[in-house]
Protein chains: 4
Amino acid sequence: MKAGATEEQIQHVVDRLHQFGLREHISRGEERTLIGAIGDERVLRSIPLEAVPGVEKVMAVLAPYKLASREFQSEDTVINVNGVEVGGKKVVVMAGPCAVESEEQITTIAEIVKGAGALMLRGGAFKPRTGPYSFQGLGDEGLRMLAAAKQKVGLPIITEVMSTEDIDLVAEFTDVFQIGARNMQNFMLLKGVGQTRKPVMLKRGMSATIEEFLLAAEYILSQGNLNVMLCERGIRTFETYTRNTLDINAVPVLKQLSHLPVIVDPSHGTGRRELVAPVSKAAIAAGADGLIIEVHHDPENSMTGDGAQSLMPEQFSELMKELQRLAEAIGRSM
Amino acid sequence: MKAGATEEQIQHVVDRLHQFGLREHISRGEERTLIGAIGDERVLRSIPLEAVPGVEKVMAVLAPYKLASREFQSEDTVINVNGVEVGGKKVVVMAGPCAVESEEQITTIAEIVKGAGALMLRGGAFKPRTGPYSFQGLGDEGLRMLAAAKQKVGLPIITEVMSTEDIDLVAEFTDVFQIGARNMQNFMLLKGVGQTRKPVMLKRGMSATIEEFLLAAEYILSQGNLNVMLCERGIRTFETYTRNTLDINAVPVLKQLSHLPVIVDPSHGTGRRELVAPVSKAAIAAGADGLIIEVHHDPENSMTGDGAQSLMPEQFSELMKELQRLAEAIGRSM
Amino acid sequence: MKAGATEEQIQHVVDRLHQFGLREHISRGEERTLIGAIGDERVLRSIPLEAVPGVEKVMAVLAPYKLASREFQSEDTVINVNGVEVGGKKVVVMAGPCAVESEEQITTIAEIVKGAGALMLRGGAFKPRTGPYSFQGLGDEGLRMLAAAKQKVGLPIITEVMSTEDIDLVAEFTDVFQIGARNMQNFMLLKGVGQTRKPVMLKRGMSATIEEFLLAAEYILSQGNLNVMLCERGIRTFETYTRNTLDINAVPVLKQLSHLPVIVDPSHGTGRRELVAPVSKAAIAAGADGLIIEVHHDPENSMTGDGAQSLMPEQFSELMKELQRLAEAIGRSM
Amino acid sequence: MKAGATEEQIQHVVDRLHQFGLREHISRGEERTLIGAIGDERVLRSIPLEAVPGVEKVMAVLAPYKLASREFQSEDTVINVNGVEVGGKKVVVMAGPCAVESEEQITTIAEIVKGAGALMLRGGAFKPRTGPYSFQGLGDEGLRMLAAAKQKVGLPIITEVMSTEDIDLVAEFTDVFQIGARNMQNFMLLKGVGQTRKPVMLKRGMSATIEEFLLAAEYILSQGNLNVMLCERGIRTFETYTRNTLDINAVPVLKQLSHLPVIVDPSHGTGRRELVAPVSKAAIAAGADGLIIEVHHDPENSMTGDGAQSLMPEQFSELMKELQRLAEAIGRSM
């Protein structure tokens with residue numbers, strides 16, 4: 001309560017708490033009176049207590065998410081994607097081009113990344129682009145190319161879904177839905193994929209706090225889909241040398257607060273090819289369960305302008321060998 | 001080009017420019033060679049020149065948006081919303097509750113804000129909420145209540161649309177579509193409202209640069225809908241005392257770079273009732289064409305938890321009088 | 001306390017509070033136990049309670065500054081600088097070049113800004129520059145030139161002091177010490193100027209929260225120098241179009257939390273000449289007590305590279321007239 | 001140049017370039033004219049070209065630092081601190097308490113960290129504290145305690161210097177000067193330690209870009225002191241769960257742009273004890289040359305309030321073993 005809060009104001013807050021099924025605990029300090037709310041304080045999130053006369057600040061004690069929390073489930077969630085386990089002892093690398101450009105392109109790259117040890121194939125058919133005049137992806141044609149590559153090469157697929165209207169279509173082809181950073185708070189889309197039972201990789205929004213990230217996951221979980229992976233892909237800061245600032249702290253934080261698997265995207269997290277290898281190693285060392293890496297055999301001719309962050313095939317193979325040694329040094333495998 | 005770039009690399013870049021219909025202009029400095037691209041360099045945005053061997057950095061000279069720019073249209077866009085002109089000499093205030101809660105609530109508030117001089121009624125029927133357990137709005141029922149209030153009180157309506165699937169429904173009732181900050185880069189939604197001819201108020205994303213904001217507007221404009229208003233509603237920074245940091249610089253910047261009307265949201269831009277009045281005045285003084293302000297006659301019992309930033313009716317009336325004087329002092333009217 | 005905190009751990013925290021002269025107030029919730037500390041909790045800032053076993057989070061209720069707060073002093077501080085009152089009804093404009101370059105330059109500009117209505121002359125003799133190869137100011141020679149201009153033109157002077165070693169020297173010439181943004185947490189320097197009785201204008205650090213800003217002011221106040229003005233000059237955010245993001249919210253926040261005068265620097269806060277006028281107006285409308293503006297009669301030949309944000313004399317005169325009208329509209333004068 | 005720049009304006013810019021000993025290279029595009037400056041464009045940093053009529057934007061091609069750059073010196077700088085090599089193959093861990101509290105405390109901790117494999121002892125005698133009422137360190141008494149611990153235990157010392165006036169005093173006792181984050185742009189202090197020949201560990205400012213960080217290092221180098229280590233200690237972002245956001249990208253970026261050794265501070269970079277181990281591992285995996293870690297045998301009774309981020313002795317020993325395995329897996333030693 002504010003410094004000069006009256007007894008009536010204090011009583012009024014207490015009455016409000018009772019209305020919401022909470023009990024109060026009043027603590028009168030020398031300068032301020034503190035009113036503790038006892039019960040499931042999550043209901044406080046949806047009532048505007050700060051609008052009540054005399055109230056200075058409302059401070060939350062409990063996290064606002066539940067199903068996503070370690071307190072709710074202490075053991076790690078392990079998600080089975082066509083036999084590939086994400087969240088277990090094995091570090092899983094997903095790799096592929098930014099966008100699907102042709103059946104030949106995606107199949108070639110699929111073979112390359114599988115050869116180097118990747119366990120899943122990434123590739124965008126629907127591409128969220130900052131401006132309307134950029135290549136927007138091949139759409140359902142791209143999905144069909146992904147499916148062809150999957151059949152030939154034998155890697156499960158992860159691809160982005162951008163709209164509730166496309167969920168059924170994308171579900172036909174993909175093994176894992178990707179929700180992009182720009183859609184992390186597209187709540188309709190979260191609910192939509194939450195109503196399926198297909199695994200979802202949710203990317204952290206560019207300016208989302210860790211709490212908001214877990215709340216976005218909670219949207220999916222609360223619809224009954226428990227197969228959610230969290231992907232740290234860099235946040236927006238004042239630093240301009242890199243495209244984003246990869247939040248390495250978030251990796252152990254997410255592992256502590258949540259039981260969901262944590263994937264790191266060093267390609268978007270740095271935006272520069274020469275930084276992908278060191279930051280991939282850092283992510284594994286920090287405890288990430290997997291990586292999603294852009295690889296292109298001809299980045300200069302890629303269609304998305306993201307070529308500058310794609311690894312060349314030989315760079316990817318080299319990195320996979322280094323990651324192998326690193327994973328073993330910390331008691332994991334690849 | 002990088003310090004040691006070879007002649008072959010330079011020639012290769014030149015060949016690439018030719019492929020895209022551009023001409024080159026080579027400038028050999030003492031430490032670096034610079035290659036200027038002559039022609040519509042916007043095509044460069046979609047090709048990954050930074051992935052070409054020998055290239056150090058690609059620097060853009062032109063803005064990547066076109067229809068939104070002052071260079072494309074020098075005179076101000078004025079949008080007519082049922083007789084209310086937005087972007088003209090008159091400063092337009094839109095006001096109302098965060099969310100529609102009942103027909104009585106929205107009608108009561110509509111009368112209050114109209115009485116104080118507001119020219120448009122705001123109120124959310126579909127509410128984007130950070131967590132899945134918060135009140136999500138009354139949906140189409142809320143739209144009907146808005147329509148009832150409009151009929152009784154006679155103010156045009158602005159309300160949020162959150163999903164492409166709801167565009168037709170919302171269009172039936174609203175006079176202006178609001179695209180929320182979290183959806184500023186929901187490109188499917190932007191295209192969807194771009195295909196209508198109804199005015200759109202696009203809110204700046206929490207971590208969107210001014211350039212990205214204008215590119216999001218360009219998505220709508222490029223579909224043929226030229227009735228776009230830009231809304232500055234605060235950006236996310238390290239400061240935690242306020243909910244967001246209202247970017248006052250953005251007001252004159254947007255007016256200079258673009259011909260579109262600029263609205264400011266001091267309620268979300270500060271998150272604190274006691275800051276709404278001073279920041280509203282600042283916005284008008286900086287050149288904003290309008291304001292969108294949360295007003296509630298009973299904030300303590302509002303359903304969204306945003307009550308702490310809603311003005312009380314008498315505060316709103318008082319503010320409107322002050323804004324009137326201010327508008328006149330800078331040669332505008334209200 | 002953490003979810004599973006034991007009775008021993010709770011008792012241990014209570015014992016710790018007693019050690020520091022505080023009393024406890026225990027509130028046992030369903031999932032967590034809360035321990036309120038009763039007494040002057042400021043002592044908690046300096047003891048590492050979060051390091052105590054079982055403690056989850058320490059939440060501060062009181063502000064950590066005291067002398068700077070409105071609770072300590074409810075009426076506005078008005079600082080008298082050679083007859084110019086800062087913090088009163090009159091809005092005070094300080095203007096001048098970024099750096100003192102010659103006696104002729106500073107005198108010419110002093111006459112210009114005085115003629116347009118400025119009440120104080122700014123100009124740097126010691127210049128903090130990002131790189132070591134840039135012009136670092138004329139030092140004590142520059143101070144002498146300032147003094148000459150003051151004598152001729154009759155405006156009080158404000159100039160930056162960058163080092164404890166220079167305090168005595170600068171004090172000889174200046175009427176107000178300026179502490180630059182980069183030195184906002186140079187605590188030795190704060191203590192140094194705190195030991196004088198000369199007015200100090202403290203600029204907010206580029207990434208300082210409002211709380212840290214007030215704590216920096218507290219350093220000066222706690223040494224006995226009560227003549228402190230706070231200067232908002234823009235914070236660092238992800239936006240790159242402007243040099244800094246002027247935090248307009250901070251103006252009314254500082255006025256509410258503190259009794260100290262608030263000055264705004266639209267030149268550094270925007271970094272672009274064409275934004276200085278609209279943002280100056282916004283600052284006054286938001287309640288600022290003054291402005292500090294860069295003016296140069298020949299910006300192209302200025303020595304600091306900051307010419308791009310300096311107003312030309314006629315622009316400054318024009319702005320002063322507009323500010324006059326604005327100040328009157330909000331019940332102040334100039 | 002701006003879209004409508006005249007021939008006179010173009011010629012005027014060319015004349016300006018000639019004045020500064022540069023040559024021009026004019027490239028006339030369809031919408032804009034580009035003027036390339038040939039020669040050492042660093043001089044452009046100090047002249048306000050953006051203030052010249054007709055100029056739209058000045059874009060820098062070269063980095064503004066020189067001595068700190070890889071282009072200036074391609075091989076890694078290795079700094080010898082009393083026999084400990086920083087920047088070589090061996091990863092160097094510096095450890096100790098936040099602040100020196102007593103001779104017994106610092107000696108006890110020195111023995112603990114040495115036993116676990118640390119090669120240098122950290123401990124603050126002069127402490128920069130956000131507020132004036134917090135413990136400010138033991139000053140010269142603290143320095144003497146550090147010296148006593150050094151003598152007994154045999155580890156070189158690193159400790160902070162906060163003021164030019166203290167440089168000589170601190171130099172008497174310390175082996176490495178630490179410049180804290182808040183003083184990264186205290187240019188007087190940078191010049192001061194630059195005039196000694198003692199190694200300096202420069203911490204990155206909370207909101208400093210990588211370029212500004214290297215420019216701050218350049219201040220020291222330009223005075224003739226080439227023994228500079230760069231320390232990434234977390235930057236300020238919107239995320240509040242952690243005290244700072246450790247910028248892991250900065251580690252490989254600094255190694256690429258500069259030849260100076262890179263140290264990481266996971267204690268301040270996270271602010272939470274439980275994150276220190278995973279982030280330490282990430283730093284080594286990303287290529288850091290060393291770590292500086294807070295260790296305290298009795299964090300609950302530490303005097304600085306930073307206890308929450310200090311490792312307990314057994315945690316530190318455990319971490320050192322893990323780091324050993326990791327270092328070997330990436331071809332380094334400890």
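All chains are named by letter (A, B, ...) in the order of the sequence lines, taking the proteins before the strands, and each is independently numbered beginning at 1. Model, not experiment: these values are computed from the prediction.
Using a 4.5 Å cut-off between heavy atoms, R272(C) makes no contact with chain B at all. With a 4.5 angstrom heavy-atom cutoff, E212(B) does not touch chain C via any of its atoms. Proximity to chain B (any heavy atom under 4.5 Å) is shown, for E328(C), by neither the backbone nor the side chain. In this structure, the portion of T242(C) lying under 4.5 Å from any heavy atom of chain B is its side chain and not its backbone.
N249(B) contributes no side-chain N or O that, together with a main-chain N or O of V279(C), makes up a donor-acceptor pair within less than 3.5 Å. Side-chain atoms of E239(B) come within 3.5 Å of backbone N or O of I210(C) as a donor-acceptor pair.
Interatomic distance, D247(B) CG to Y241(C) OH, rounded to the nearest 0.5 Å: 12.0 Å.
Taking every heavy atom of both residues into account, R204(C) and F238(B) meet most closely at NH2-CE1, 4.3 Å. The shortest heavy-atom contact between R325(B) and A329(C) is NE-O, 3.7 Å.
Of the residues considered (A283(B), A208(B), G234(B)), A208(B) shows the highest number of contacts with chain C, using heavy-atom pairs under 4.5 Å. With respect to chain B, the highest number of heavy-atom pairs below 4.5 Å among I330(C), V253(C), L326(C) belongs to V253(C). Considering only heavy-atom pairs separated by less than 4.5 Å from chain C, the leading option among V251(B), L257(B), T240(B), N244(B) is L257(B).
The side chain to side chain contact (heavy atoms under 4.5 Å, CB included) test with T245(C) singles out one residue from T237(B), L246(B), I235(B), and that residue is I235(B).
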